[in-house]
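Everything on this sheet refers to the single structure shown next.
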Amino acid sequence: MIILLSFVLTLRPAYAQRHAMRVMTWNVENMFDCQDDSLTNDAEFLPDAKRKWTWGRYWKKMESLGRVILAVGKEEPVDLVGLCEVENDSVMHDLTKKGLLGAVSYRYVMTNGSDQRGVDVALLYQPARFRLLDWHAVRIPSKENAFPPTRDILWTKGITFQRDTLHVIVCHFPSRTNGMKSERHRRLASQTLAALVDSIGTDKNILVMGDFNADPQDPIFRTLGVLQDNVPQKRYPDIGSYNFRGIWSWIDHILISSSLIHRSAMAAPYYAPWMCTTNANGFWRPRRTYLGTYYNGGVSDHLPIWMDINP
(Lines give C-alpha, C1' and ligand atoms only; values in the text may rest on other atoms or scores of the structure.)
Protein backbone atom coordinates (compact mmCIF):
# COMPACT_ATOMS: atom_id res chain seq x y z
CA MET A 1 0.00 0.00 0.00
CA ILE A 2 2.88 2.40 0.83
CA ILE A 3 4.54 1.70 -2.55
CA LEU A 4 1.27 2.25 -4.43
CA LEU A 5 0.58 5.50 -2.57
CA SER A 6 4.08 6.72 -3.44
CA PHE A 7 3.32 5.96 -7.09
CA VAL A 8 0.13 8.03 -6.90
CA LEU A 9 1.94 11.00 -5.39
CA THR A 10 4.57 10.95 -8.15
CA LEU A 11 1.89 11.46 -10.79
CA ARG A 12 1.54 15.18 -10.08
CA PRO A 13 5.08 16.42 -10.94
CA ALA A 14 5.07 14.49 -14.24
CA TYR A 15 1.65 15.82 -15.22
CA ALA A 16 1.19 17.31 -18.72
CA GLN A 17 4.15 15.40 -20.18
CA ARG A 18 1.89 13.05 -22.15
CA HIS A 19 1.07 14.65 -25.49
CA ALA A 20 -1.72 12.22 -26.29
CA MET A 21 -5.12 12.23 -24.60
CA ARG A 22 -5.72 8.83 -22.98
CA VAL A 23 -9.30 7.60 -22.69
CA MET A 24 -10.73 4.42 -21.23
CA THR A 25 -14.11 2.82 -20.68
CA TRP A 26 -15.07 0.14 -18.19
CA ASN A 27 -18.16 -1.68 -17.01
CA VAL A 28 -17.34 -1.99 -13.31
CA GLU A 29 -19.98 -4.67 -12.49
CA ASN A 30 -22.61 -3.42 -10.07
CA MET A 31 -20.81 -0.63 -8.22
CA PHE A 32 -23.48 -0.25 -5.52
CA ASP A 33 -23.21 1.29 -2.10
CA CYS A 34 -24.60 -0.53 0.95
CA GLN A 35 -27.62 1.69 1.52
CA ASP A 36 -31.18 1.00 0.42
CA ASP A 37 -32.64 3.29 -2.24
CA SER A 38 -36.42 3.16 -1.95
CA LEU A 39 -36.83 4.30 -5.57
CA THR A 40 -34.85 1.46 -7.19
CA ASN A 41 -34.51 -2.31 -6.97
CA ASP A 42 -31.13 -2.43 -5.21
CA ALA A 43 -32.10 -4.72 -2.34
CA GLU A 44 -29.70 -7.50 -3.39
CA PHE A 45 -26.75 -5.21 -2.65
CA LEU A 46 -27.30 -4.71 1.06
CA PRO A 47 -25.45 -6.22 4.04
CA ASP A 48 -28.40 -8.40 5.07
CA ALA A 49 -29.27 -9.61 1.54
CA LYS A 50 -28.20 -12.91 -0.04
CA ARG A 51 -25.10 -11.31 -1.53
CA LYS A 52 -24.09 -9.87 1.86
CA TRP A 53 -22.69 -6.72 0.25
CA THR A 54 -20.86 -5.15 3.19
CA TRP A 55 -18.92 -1.91 3.54
CA GLY A 56 -15.71 -3.92 3.77
CA ARG A 57 -16.39 -5.48 0.36
CA TYR A 58 -17.46 -2.11 -0.99
CA TRP A 59 -14.21 -0.40 -0.03
CA LYS A 60 -12.13 -3.31 -1.30
CA LYS A 61 -13.79 -2.89 -4.69
CA MET A 62 -13.25 0.88 -4.57
CA GLU A 63 -9.53 0.37 -3.97
CA SER A 64 -9.34 -2.14 -6.84
CA LEU A 65 -11.10 0.23 -9.23
CA GLY A 66 -8.69 3.02 -8.37
CA ARG A 67 -5.72 0.70 -8.73
CA VAL A 68 -6.74 -0.27 -12.26
CA ILE A 69 -7.50 3.28 -13.41
CA LEU A 70 -4.09 4.44 -12.18
CA ALA A 71 -2.41 1.49 -13.89
CA VAL A 72 -4.02 2.28 -17.25
CA GLY A 73 -2.70 5.83 -16.95
CA LYS A 74 0.84 4.63 -16.17
CA GLU A 75 2.90 7.77 -15.47
CA GLU A 76 -0.09 10.13 -15.55
CA PRO A 77 -3.83 9.89 -14.80
CA VAL A 78 -6.11 8.76 -17.58
CA ASP A 79 -7.68 11.92 -19.01
CA LEU A 80 -11.21 10.60 -19.61
CA VAL A 81 -12.79 7.54 -17.97
CA GLY A 82 -16.24 6.33 -18.98
CA LEU A 83 -17.84 4.06 -16.37
CA CYS A 84 -20.90 1.80 -16.60
CA GLU A 85 -22.94 0.27 -13.76
CA VAL A 86 -22.37 2.90 -11.07
CA GLU A 87 -25.28 3.40 -8.70
CA ASN A 88 -25.30 7.03 -7.61
CA ASP A 89 -23.47 10.23 -6.78
CA SER A 90 -22.37 8.84 -3.41
CA VAL A 91 -20.46 6.03 -5.10
CA MET A 92 -18.78 8.42 -7.53
CA HIS A 93 -17.83 10.78 -4.71
CA ASP A 94 -16.20 7.94 -2.79
CA LEU A 95 -14.32 6.76 -5.89
CA THR A 96 -12.93 10.17 -6.86
CA LYS A 97 -12.45 11.89 -3.50
CA LYS A 98 -11.38 9.04 -1.23
CA GLY A 99 -8.87 6.24 -1.58
CA LEU A 100 -6.32 6.02 -4.37
CA LEU A 101 -7.96 8.44 -6.81
CA GLY A 102 -8.30 11.19 -4.23
CA ALA A 103 -4.76 12.37 -5.01
CA VAL A 104 -5.25 12.90 -8.74
CA SER A 105 -8.06 15.49 -8.84
CA TYR A 106 -10.74 13.77 -10.89
CA ARG A 107 -14.09 15.44 -11.41
CA TYR A 108 -17.14 13.68 -12.76
CA VAL A 109 -20.60 13.98 -14.24
CA MET A 110 -23.16 11.19 -14.35
CA THR A 111 -26.69 10.37 -15.38
CA ASN A 112 -29.64 9.79 -13.05
CA GLY A 113 -31.90 7.67 -15.21
CA SER A 114 -34.83 5.37 -14.62
CA ASP A 115 -33.10 2.00 -14.87
CA GLN A 116 -34.99 -0.39 -12.59
CA ARG A 117 -31.86 -1.40 -10.65
CA GLY A 118 -30.68 2.18 -10.43
CA VAL A 119 -27.40 1.85 -12.33
CA ASP A 120 -26.10 4.75 -14.41
CA VAL A 121 -23.12 5.83 -16.48
CA ALA A 122 -20.51 8.42 -15.57
CA LEU A 123 -17.53 10.29 -16.97
CA LEU A 124 -14.42 11.02 -14.92
CA TYR A 125 -12.21 13.76 -16.33
CA GLN A 126 -9.04 15.63 -15.49
CA PRO A 127 -10.06 19.34 -15.51
CA ALA A 128 -6.57 20.47 -16.54
CA ARG A 129 -6.79 18.28 -19.65
CA PHE A 130 -10.53 18.47 -20.43
CA ARG A 131 -12.37 21.71 -19.61
CA LEU A 132 -16.02 20.77 -19.34
CA LEU A 133 -18.31 23.21 -21.16
CA ASP A 134 -21.67 21.47 -21.09
CA TRP A 135 -23.35 18.13 -20.48
CA HIS A 136 -26.73 16.48 -20.23
CA ALA A 137 -28.41 13.07 -20.18
CA VAL A 138 -30.24 11.77 -23.25
CA ARG A 139 -33.15 9.48 -22.48
CA ILE A 140 -33.83 6.42 -24.60
CA PRO A 141 -37.62 6.27 -25.21
CA SER A 142 -38.00 2.77 -23.81
CA LYS A 143 -41.42 3.08 -22.13
CA GLU A 144 -42.96 4.65 -25.22
CA ASN A 145 -41.91 1.53 -27.14
CA ALA A 146 -43.04 -1.02 -24.51
CA PHE A 147 -39.55 -1.78 -23.18
CA PRO A 148 -38.40 -1.61 -19.56
CA PRO A 149 -36.54 1.63 -18.78
CA THR A 150 -32.81 1.52 -19.42
CA ARG A 151 -29.75 3.66 -18.77
CA ASP A 152 -29.61 7.20 -20.16
CA ILE A 153 -26.89 8.23 -22.59
CA LEU A 154 -24.43 10.80 -21.19
CA TRP A 155 -23.33 13.60 -23.54
CA THR A 156 -20.52 15.99 -22.61
CA LYS A 157 -18.68 18.73 -24.46
CA GLY A 158 -15.33 20.18 -23.51
CA ILE A 159 -12.04 21.73 -24.61
CA THR A 160 -9.04 19.43 -24.48
CA PHE A 161 -5.51 20.46 -23.56
CA GLN A 162 -4.82 19.97 -27.29
CA ARG A 163 -7.23 22.91 -27.87
CA ASP A 164 -9.81 20.73 -29.56
CA THR A 165 -13.54 20.86 -28.90
CA LEU A 166 -14.44 17.25 -28.10
CA HIS A 167 -17.87 15.68 -27.65
CA VAL A 168 -17.65 12.68 -25.33
CA ILE A 169 -20.58 10.28 -25.06
CA VAL A 170 -20.88 7.41 -22.57
CA CYS A 171 -23.54 4.74 -22.96
CA HIS A 172 -24.63 1.37 -21.61
CA PHE A 173 -27.04 -0.33 -23.98
CA PRO A 174 -29.71 -2.86 -22.88
CA SER A 175 -28.54 -6.38 -22.07
CA ARG A 176 -28.84 -9.46 -24.28
CA THR A 177 -30.80 -11.57 -21.79
CA ASN A 178 -34.25 -11.39 -23.44
CA GLY A 179 -33.56 -12.58 -26.97
CA MET A 180 -35.28 -10.70 -29.78
CA LYS A 181 -36.88 -8.22 -27.39
CA SER A 182 -33.42 -7.18 -26.20
CA GLU A 183 -32.30 -6.99 -29.83
CA ARG A 184 -35.07 -4.52 -30.63
CA HIS A 185 -34.31 -2.54 -27.46
CA ARG A 186 -30.64 -2.24 -28.40
CA ARG A 187 -31.68 -1.12 -31.88
CA LEU A 188 -33.78 1.63 -30.30
CA ALA A 189 -30.78 2.69 -28.20
CA SER A 190 -28.53 2.81 -31.26
CA GLN A 191 -31.11 4.92 -33.12
CA THR A 192 -31.21 7.36 -30.18
CA LEU A 193 -27.42 7.54 -30.16
CA ALA A 194 -27.30 8.02 -33.95
CA ALA A 195 -29.76 10.92 -33.68
CA LEU A 196 -27.58 12.51 -30.99
CA VAL A 197 -24.46 12.17 -33.14
CA ASP A 198 -26.31 13.63 -36.12
CA SER A 199 -27.45 16.60 -34.02
CA ILE A 200 -23.83 17.30 -33.03
CA GLY A 201 -22.61 17.06 -36.63
CA THR A 202 -20.47 14.29 -38.03
CA ASP A 203 -17.74 16.78 -38.96
CA LYS A 204 -17.13 17.43 -35.24
CA ASN A 205 -14.71 15.58 -32.94
CA ILE A 206 -16.88 12.87 -31.38
CA LEU A 207 -15.86 10.06 -29.04
CA VAL A 208 -18.41 7.45 -27.98
CA MET A 209 -17.56 4.77 -25.43
CA GLY A 210 -19.25 2.26 -23.19
CA ASP A 211 -20.86 -1.16 -22.96
CA PHE A 212 -22.96 -1.80 -26.07
CA ASN A 213 -23.78 -5.43 -25.19
CA ALA A 214 -23.03 -6.19 -28.84
CA ASP A 215 -20.15 -7.64 -30.86
CA PRO A 216 -18.56 -5.51 -33.61
CA GLN A 217 -20.54 -7.44 -36.25
CA ASP A 218 -23.90 -6.62 -34.61
CA PRO A 219 -26.39 -4.83 -36.93
CA ILE A 220 -26.73 -1.92 -34.49
CA PHE A 221 -23.37 -0.60 -35.68
CA ARG A 222 -24.79 -0.10 -39.17
CA THR A 223 -26.96 2.61 -37.62
CA LEU A 224 -23.76 4.19 -36.30
CA GLY A 225 -21.88 3.83 -39.58
CA VAL A 226 -20.67 7.44 -39.52
CA LEU A 227 -18.43 6.45 -36.59
CA GLN A 228 -15.45 4.11 -36.70
CA ASP A 229 -15.31 1.32 -34.14
CA ASN A 230 -11.77 1.27 -32.74
CA VAL A 231 -11.87 -2.22 -31.21
CA PRO A 232 -10.58 -5.22 -33.21
CA GLN A 233 -13.18 -6.50 -35.66
CA LYS A 234 -12.25 -10.20 -35.46
CA ARG A 235 -15.32 -12.37 -34.95
CA TYR A 236 -13.68 -14.78 -32.48
CA PRO A 237 -10.85 -12.84 -30.83
CA ASP A 238 -8.18 -14.35 -28.61
CA ILE A 239 -8.93 -11.64 -26.07
CA GLY A 240 -11.66 -9.03 -25.74
CA SER A 241 -13.42 -7.01 -23.08
CA TYR A 242 -15.73 -9.80 -21.90
CA ASN A 243 -15.52 -13.57 -21.56
CA PHE A 244 -18.68 -15.70 -21.51
CA ARG A 245 -18.25 -19.45 -20.96
CA GLY A 246 -14.68 -19.32 -22.19
CA ILE A 247 -15.41 -17.31 -25.34
CA TRP A 248 -13.97 -13.81 -25.66
CA SER A 249 -15.88 -10.97 -27.30
CA TRP A 250 -15.78 -7.20 -27.66
CA ILE A 251 -19.01 -5.85 -26.21
CA ASP A 252 -17.35 -2.69 -24.87
CA HIS A 253 -16.41 -0.23 -27.60
CA ILE A 254 -14.76 3.09 -28.37
CA LEU A 255 -16.13 4.77 -31.50
CA ILE A 256 -14.75 7.91 -33.09
CA SER A 257 -15.75 10.39 -35.79
CA SER A 258 -13.77 10.69 -39.02
CA SER A 259 -11.84 13.74 -37.77
CA LEU A 260 -10.16 11.59 -35.09
CA ILE A 261 -9.39 8.48 -37.15
CA HIS A 262 -5.88 9.47 -38.26
CA ARG A 263 -5.04 10.53 -34.68
CA SER A 264 -6.13 7.39 -32.84
CA ALA A 265 -4.66 3.93 -32.41
CA MET A 266 -6.66 0.73 -31.98
CA ALA A 267 -8.24 0.33 -28.54
CA ALA A 268 -6.71 -2.32 -26.29
CA PRO A 269 -7.78 -4.10 -23.11
CA TYR A 270 -5.95 -3.68 -19.82
CA TYR A 271 -5.46 -6.63 -17.50
CA ALA A 272 -3.15 -7.78 -14.75
CA PRO A 273 -2.88 -11.25 -13.16
CA TRP A 274 -4.60 -10.16 -9.95
CA MET A 275 -7.69 -9.07 -11.96
CA CYS A 276 -8.14 -12.50 -13.52
CA THR A 277 -8.87 -16.11 -12.68
CA THR A 278 -7.87 -19.35 -14.42
CA ASN A 279 -9.92 -22.55 -14.60
CA ALA A 280 -8.74 -26.17 -14.52
CA ASN A 281 -8.17 -26.17 -18.29
CA GLY A 282 -5.88 -23.16 -18.11
CA PHE A 283 -8.35 -20.70 -19.64
CA TRP A 284 -8.40 -17.29 -17.98
CA ARG A 285 -11.00 -14.54 -17.76
CA PRO A 286 -11.76 -11.47 -15.63
CA ARG A 287 -12.37 -12.31 -11.99
CA ARG A 288 -15.91 -11.22 -11.19
CA THR A 289 -17.02 -9.61 -7.95
CA TYR A 290 -19.88 -12.12 -7.72
CA LEU A 291 -20.75 -15.49 -9.21
CA GLY A 292 -24.51 -15.42 -8.75
CA THR A 293 -24.88 -14.66 -5.07
CA TYR A 294 -21.43 -16.07 -4.19
CA TYR A 295 -18.88 -13.38 -3.36
CA ASN A 296 -15.91 -14.06 -5.65
CA GLY A 297 -13.80 -11.09 -4.57
CA GLY A 298 -12.86 -9.82 -8.04
CA VAL A 299 -13.04 -6.29 -9.37
CA SER A 300 -15.27 -6.71 -12.47
CA ASP A 301 -16.50 -9.22 -15.05
CA HIS A 302 -15.32 -6.85 -17.82
CA LEU A 303 -11.84 -5.71 -18.77
CA PRO A 304 -11.35 -1.98 -19.27
CA ILE A 305 -10.32 -0.84 -22.74
CA TRP A 306 -8.30 2.24 -23.57
CA MET A 307 -6.72 4.20 -26.41
CA ASP A 308 -4.81 7.43 -27.07
CA ILE A 309 -5.85 10.43 -29.18
CA ASN A 310 -2.72 12.09 -30.56
CA PRO A 311 -2.29 15.83 -31.20
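Only this structure's heavy atoms are used, side chains among them; waters, hydrogens and symmetry mates stay out.
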Show which side-chain atoms of residues 224-233 pair as donor or acceptor with protein atoms under 3.5 Å away, not counting sequence neighbours.
| residue | atom | partner | partner atom | Å |
| --- | --- | --- | --- | --- |
| Q228 | NE2 | N230 | OD1 | 2.7 |
| D229 | OD1 | V231 | N | 3.4 |
| D229 | OD1 | H253 | ND1 | 3.3 |
| D229 | OD2 | H253 | ND1 | 2.8 |
| N230 | ND2 | A265 | O | 3.0 |
| Q233 | NE2 | V231 | O | 2.6 |

Working to the nearest 0.5 angstrom, can you tell me the gap between [X] [atom1] and [Y] [atom2]?
X    : Y    : atom1 : atom2 : value
R129 : F161 : CZ    : CZ    : 3.5 Å
I169 : L207 : CD1   : CG    : 8.5 Å
L39  : S114 : CG    : OG    : 11.5 Å
L166 : L260 : CG    : CG    : 6.5 Å
K60  : E63  : NZ    : CD    : 9.5 Å

Problem set entry | R22/E75 salt bridge by N-O under 4.0 Å criterion |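 Answer for the salt bridge query: no.
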
Taking all non-hydrogen atoms of both residues, which atom of [X] and which atom of [Y] are closest, and how far apart?
X    : Y    : answer
L70  : L100 : CD1-CB, 4.0 Å
K61  : V28  : NZ-O, 2.7 Å
S241 : I251 : OG-N, 3.3 Å
H172 : V121 : CB-CG1, 3.7 Å
S90  : Y58  : O-OH, 4.2 Å
G240 : L303 : O-CD1, 3.5 Å

For [Y], does its backbone N or O pair with a side-chain atom of [X] as donor and acceptor, under 3.5 Å?
X    : Y    : result
Q162 : H19  : yes
T289 : V299 : yes
S264 : I261 : no
E87  : F32  : no
N296 : R288 : yes

Exercise. Any link between M21 and I254 through a network of hydrophobic side chains (Ile, Leu, Val, Met, Phe, Trp, Tyr) touching at under 4.5 Å?
Worked result: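 Linked, M21 and I254 end up in one cluster.
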
Exercise. When hydrophobic residues are tied together by side-chain contacts of less than 4.5 Å, even through go-betweens, does M209 share a cluster with I256?
Worked result: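 Shared cluster, yes.
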
For this session: Could you tell me whether W250 and F212 have their ring centroids closer than 6.0 angstrom?
Result: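 No, the ring of W250 stays outside the 6.0 Å limit from the ring of F212, centre to centre.
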
Exercise. How are the rings of W53 and F45 set relative to one another: parallel (under 30°), tilted (30 to 60°) or perpendicular (over 60°)?
Worked result: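 Perpendicular: the ring planes of W53 and F45 meet at over 60°.
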
Report yes or no: do [X] and [Y] form a side-chain donor-acceptor pair below 3.5 Å?
X    : Y    : result
H185 : T150 : no
T111 : D152 : no
T165 : K157 : no

Flag the pair [X] / [Y] as yes when at least one side-chain heavy-atom distance between them is below 4.5 Å, and no otherwise.
X    : Y    : answer
D198 : I200 : no
M24  : L80  : no
F173 : C171 : yes
H302 : D211 : yes
R285 : T277 : yes
D115 : P149 : no
P141 : N145 : yes
N243 : D301 : no

Could I get the full list of salt bridge (charged side-chain N to carboxylate O under 4.0 Å, His left out) partners for [X], not counting sequence neighbours?
X    : value
K98  : D94
D218 : R186
R184 : none
R131 : none

Exercise. Under the side chain to side chain contact (heavy atoms under 4.5 Å, CB included) criterion, do L154 and L123 qualify, and how do the steps go?
Worked result: CA-CA 8 Å; L154 175 64; L123 178 72; 3.9 Å; yes

For this session: Sequence neighbours left out, what pairs pass ring-ring contact (aromatic ring centres under 6.0 Å, His included) with at least one residue falling in residues 61-106?
Result: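 Not a single pair qualifies under ring-ring contact (aromatic ring centres under 6.0 Å, His included).
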
Exercise. Any ring-ring contact (aromatic ring centres under 6.0 Å, His included) pairs touching residues 63-86, not counting sequence neighbours?
Worked result: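 Checked against ring-ring contact (aromatic ring centres under 6.0 Å, His included) - neighbours excluded - no pair reaches residues 63-86.
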
Suppose we screen for ring pair (Phe, Tyr, Trp, His ring centres under 6.0 Å). Which residues come up paired with [X], at least two apart in sequence or across chains?
X    : answer
W274 : none
Y295 : Y290
Y270 : none

For this session: Sorted by first residue and then second, give each salt bridge (Lys or Arg N to Asp or Glu O under 4.0 Å) pair with at least one member in residues 243-265; sequence neighbours left out.
Result: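 Every pair satisfying salt bridge (Lys or Arg N to Asp or Glu O under 4.0 Å) with a residue in residues 243-265: D164-R263.
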
Exercise. Out of T202, L255, T223, which residue meets the side-chain contact (heavy atoms from CB on, under 4.5 Å) rule with V197?
Worked result: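 The passing option is T202.
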
For this session: With V168 as reference, evaluate I206, T156, V208, N205 under the side-chain contact (heavy atoms from CB on, under 4.5 Å) test and give the passing residue.
Result: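 Checked I206, T156, V208, N205 against V168; only one passes side-chain contact (heavy atoms from CB on, under 4.5 Å): T156.
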
For this session: Just do the side chain to side chain contact (heavy atoms under 4.5 Å, CB included) check on L124 and T96 with the steps written out, would you?
Result: CA-CA 8 Å; L124 277 65; T96 57; 3.9 Å; yes

For this session: Give the C-alpha distance, both sets of side-chain angles, the deciding distance and a yes or no for side chain to side chain contact (heavy atoms under 4.5 Å, CB included) between I69 and W306.
Result: CA-CA 10 Å; I69 292 171; W306 66 276; over 6 Å; no

Exercise. What do you reckon, is NZ of K50 surrounded by more than 12 foreign heavy atoms closer than 6.0 Å?
Worked result: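 For K50, atom NZ is not crowded (no more than 12 foreign heavy atoms under 6.0 Å).
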
For this session: In sequence, state the C-alpha distance, the side-chain angles, and the governing distance for N27 and Y242, and then conclude on side chain to side chain donor-acceptor pair (under 3.5 Å).
Result: CA-CA 10 Å; N27 182 321; Y242 188 73; over 6 Å; no

For this session: Could you give me the CA-CA distance, side-chain angles and deciding distance for R222 and I220, then say whether side chain to side chain contact (heavy atoms under 4.5 Å, CB included) is met?
Result: CA-CA 5 Å; R222 297 174 193 164; I220 67 169; over 6 Å; no

Problem set entry | Co-members of the apolar cluster containing I247 [side chain, <4.5 Å] |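 None; I247 is a cluster of one.
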
